[in-house]
Amino acid sequence: MRIAPDYSKEFEKLAEAYEKSGGDTSNLLDKRVASIIISGDKVIGLNNVDGVEIEAGKQELGVWAKIRISKGKKIPMPIHLCTGFLGKEGEQRVNFEFIVEDGATVNFISHCSFPWSTKLTHKMTAIVRIGKNATMTYADAHFHSEEGGVTVISDTHAIVEENGKYKNSFELTRTRVGKLVVKMDVDLKDGAIADLESKVRGRADDDISIKESLGLNGKEAHGIAKSTIVATEKTHARIVNEAFGNAPYSKGHIECTEITKGADVDVATLPVLKVTNDLSELTHEASIGRINSKQLDTMMAKSMTEEEATEFIIKGMLS
Amino acid sequence: MLELRNISLELGGKPILKKLNMKFEVGKRYTILGNNGTGKSTVANVIMGVEGYKPQSGKIYLDGQDITNLSISQRAQLGITIAFQENVRFEGIKIYDYLTLGGKIKKSLDDVKKALKIVGLGEDYVKRHVDSSLSGGERKRVELASVYMIDPKYVILDEPDSGIDMMSIDTINMFINQLREKNTTVITITHREEIALDCDYSYLICSGIVLKAGKPAEISEYYKSMCDACEHPNEIQLIRDEVI
């Protein structure tokens with residue numbers, strides 16, 4: 001990928017943020033890797049490879065991008081999406097459309113970095129269309145500023161056609177969250193599979209709201225939605241996991257684990273299961289509470305302090 | 001030396017340990033034998049300082065230092081550790097990280113592999129996780145490997161033979177012998193007399209008191225002949241009558 005000279009300094013800054021969020025800048029510059037780099041309301045880099053077609057442009061306060069994977073293509077290297085905002089204050093709107101055509105296979109690695117923003121609202125909407133027998137994985141890691149002034153509002157709607165597979169993971173564990181609103185719903189057709197996972201760690205007065213919904217609308221559709229939240233200090237968290245069994249032999253499982261640490265946390269989880277077809281099976285697990293005392297005792301008996309043991313266990317849960 | 005002096009403990013208003021006395025010398029191997037429900041694991045928790053198991057009376061000494069009021073971590077830092085009977089799982093933690101305490105103890109990959117080998121696990125386990133993908137027996141072995149890695153002075157093995165796929169007595173004995181090579185004092189808690197045979201000294205407890213203590217063969221024989229048939233392991237008065 002070539003970065004336009006006008007944007008080379010901006011890229012350097014963004015690359016710094018990208019590396020902070022765990023990304024590897026060399027992937028963004030590798031010609032063999034399809035990628036898009038978004039800074040504020042500009043596309044400062046874009047690279048297509050065989051089987052991947054990325055179109056993108058400017059829109060009010062942000063960027064739109066349409067990413068299409070050609071029928072039957074198996075993309076050997078993950079597509080990298082780098083979204084950043086370098087200013088201290090503002091709003092960024094990003095609209096993605098992902099189309100994975102029948103029989104295609106693709107992996108995405110997305111990093112959203114807002115390390116210097118003190119008052120930013122980042123709004124992302126995504127439409128995901130996964131064709132018959134196609135597979136898409138999407139790993140999304142966020143890196144926000146430590147001031148807690150970032151608001152992220154993310155809304156994804158995915159449709160997975162017959163025997164398609166969709167795996168989505170969202171991670172915001174290394175920095176302050178600020179305010180997070182994640183909404184994701186998946187419409188699963190016959191034999192389709194979805195695996196949704198969110199891991200978030202709240203600190204100070206972070207505010208976390210996640211709603212994941214599995215629509216098991218096709219025969220033998222399978223889905224899992226799993227959320228792991230670590231809420232410390234004054235974190236406020238509301239997690240809703242839903243599964244709707246609307247088709248025969250469909251199976252869904254939803255799971256929410258919320259670890260609390262601090263007298264002022266305010267957390268809740270609400271599992272919702274609804275069946276409209278008596279051959280569908282849905283299950284759920286939910287727990288809220290401090291770290292298991294037996295886990296703590298086990299690690300403390302190996303000479304870790306309570307703080308060290310807590311951190312060790314939490315890191316594992318969020319890894 | 002690790003010493004329990006006149007330890008009494010009530011849990012939920014019920015007396016569990018009654019003026020219990022035990023001594024454990026450096027580098028020796030001990031067993032605490034007894035039926036289920038007699039207080040064996042309670043003794044382990046009291047020695048380790050698990051929350052809720054602080055004795056109402058009595059003292060615990062380590063090399064003359066009173067450690068009764070120390071936390072689990074503080075006792076562990078002095079060289080006492082335990083492999084609990086029930087081994088919990090840890091989501092997302094690799095066995096390598098578990099055995100090196102996330103880098104807290106400075107050991108090489110070869111050290112980790114050696115510890116795994118001692119408990120009968122292959123090198124491939126290094127990258128596996130300490131989660132529900134392990135069977136009960138595998139998890140138990142990982143716990144023992146973890147104990148080996150931290151080079152304790154005193155280790156309590158609470159029912160090391162229990163588990164979904166039981167570890168063989170040979171494996172346990174091999175593991176204990178490896179610990180003894182490090183001059184570690186091993187305190188094995190068990191209700192199987194065959195495990196109690198291979199040690200230096202045995203305690204037989206019943207209803208929270210030391211019923212008998214001494215040579216392993218004698219204690220095991222007594223346990224086999226008396227305790228197996230005993231239908232009242234938790235009724236303190238019956239035992240007291242016999243002892244007195």
Side-chain angles (χ1 to χ4, degrees), chain A residues 22 139 141 167 169-174 195-201 224-231 253-261 283 285-319, chain B residues 41 44-45 47-53 70-105 107 129-132 139-140 142-158:
Chain A
K167 183 178 167 76
S169 61
F170 177 87
E171 182 199 309
L172 175 41
T173 59
R174 280 177 284 181
D195 181 349
L196 314 179
E197 185 164 33
S198 303
K199 292 182 176 181
V200 181
R201 179 174 186 157
I224 295 176
K226 191 175 173 184
S227 304
T228 305
I229 311 297
V230 175
H253 178 72
I254 56 176
E255 191 173 325
C256 180
T257 304
E258 290 185 88
I259 299 294
T260 55
K261 187 170 179 280
T283 55
E285 285 176 53
S287 65
I288 296 179
R290 294 172 70 96
I291 289 177
N292 183 315
S293 64
K294 284 182 178 168
Q295 287 182 322
L296 281 175
D297 287 347
T298 299
M299 298 318 300
M300 288 164 69
K302 299 179 203 306
S303 82
M304 279 188 168
T305 62
E306 187 171 349
E307 280 301 308
E308 287 171 337
T310 301
E311 197 57 28
F312 182 73
I313 295 162
I314 286 174
K315 271 189 181 172
M317 294 177 77
L318 296 176
S319 68
Chain B
S41 290
N45 289 334
I47 295 173
M48 198 65 239
V50 173
E51 199 173 319
Y53 288 87
L70 298 189
S71 67
I72 301 183
S73 296
Q74 289 168 321
R75 293 183 201 203
Q77 282 158 14
L78 292 173
I80 304 171
T81 194
I82 183 171
F84 287 106
Q85 181 178 357
E86 186 188 335
N87 302 127
V88 286
R89 262 76 170 173
F90 294 86
E91 282 283 316
I93 294 176
K94 283 185 180 165
I95 288 176
Y96 176 82
D97 292 321
Y98 188 70
L99 265 54
T100 58
L101 305 182
K104 184 174 174 163
I105 53 171
K107 294 280 177 109
H129 289 84
V130 197
D131 59 15
S132 54
R139 177 68 189 90
K140 182 78 85 179
V142 168
E143 197 57 31
L144 295 182
S146 166
V147 162
Y148 181 81
M149 286 286 289
I150 59 176
D151 297 328
K153 287 184 193 165
Y154 295 86
V155 60
I156 307 157
L157 306 176
D158 192 359

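FYI, side chains are in, hydrogens and waters are out, and symmetry mates aren't considered; it's all heavy atoms of this structure.
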Do Ser293(A) and Glu51(B) have side chains that approach each other closer than 4.5 Å (heavy atoms only, starting at C-beta)? no
Part of Leu101(B) lying under 4.5 Å from any heavy atom of chain A: both
Taking every non-hydrogen pair under 4.5 Å, which of Glu86(B), His129(B), Lys94(B), Met149(B) racks up the most with chain A? Glu86(B)
I'd like to verify something: which residue of Thr257(A), Thr228(A), Thr298(A) has the highest number of heavy-atom pairs under 4.5 Å with chain B? Thr298(A)
Can you tell me how far CZ of Phe90(B) sits from CG of Asn292(A), rounded to the nearest 0.5 angstrom? 8.0 Å
Could you give the distance from CE (Met299(A)) to CD1 (Ile93(B)), rounded to the nearest 0.5 Å? 6.5 Å
Does atom NZ (Lys199(A)) have a neighbourhood of more than 12 heavy atoms from anything else shown, all under 6.0 Å? yes
Pairs meeting criterion salt bridge (charged side-chain N to carboxylate O under 4.0 Å, His left out) with involvement of residues 310-319 of chain A, two or more places apart: Arg201(A)-Glu311(A)
I'd like to know which of Met317(A), Lys294(A), Glu306(A) tops the heavy-atom pair count under 4.5 Å against chain B. Lys294(A)
Structural part of Ser319(A) lying under 4.5 Å from a heavy atom of chain B: side chain
Worked verdict on Phe312(A) versus Lys104(B) for side chain to side chain contact (heavy atoms under 4.5 Å, CB included): CA-CA 11 Å; Phe312(A) 182 73; Lys104(B) 184 174 174 163; over 6 Å; no
Might you confirm whether atom CZ of Arg174(A) has over 12 heavy atoms from other residues, nucleotides or ligands at distances under 6.0 Å? yes
Against chain A, residues from residues 73-83 of chain B with at least one heavy atom under 4.5 Å, in numeric order, are Ser73(B), Ala76(B), Gln77(B), Ile80(B), Thr81(B), Ile82(B)
What residue, out of Val88(B), Ile105(B), Asn87(B), Val50(B), has the most heavy-atom pairs lying under 4.5 Å from chain A? Val88(B)
Quick one: what part of Phe84(B) sits under 4.5 Å from any heavy atom of chain A, side chain, backbone, both or neither? side chain
Under 3.5 Å: donor-acceptor pair, side chain of Gln295(A), backbone of Arg89(B): yes
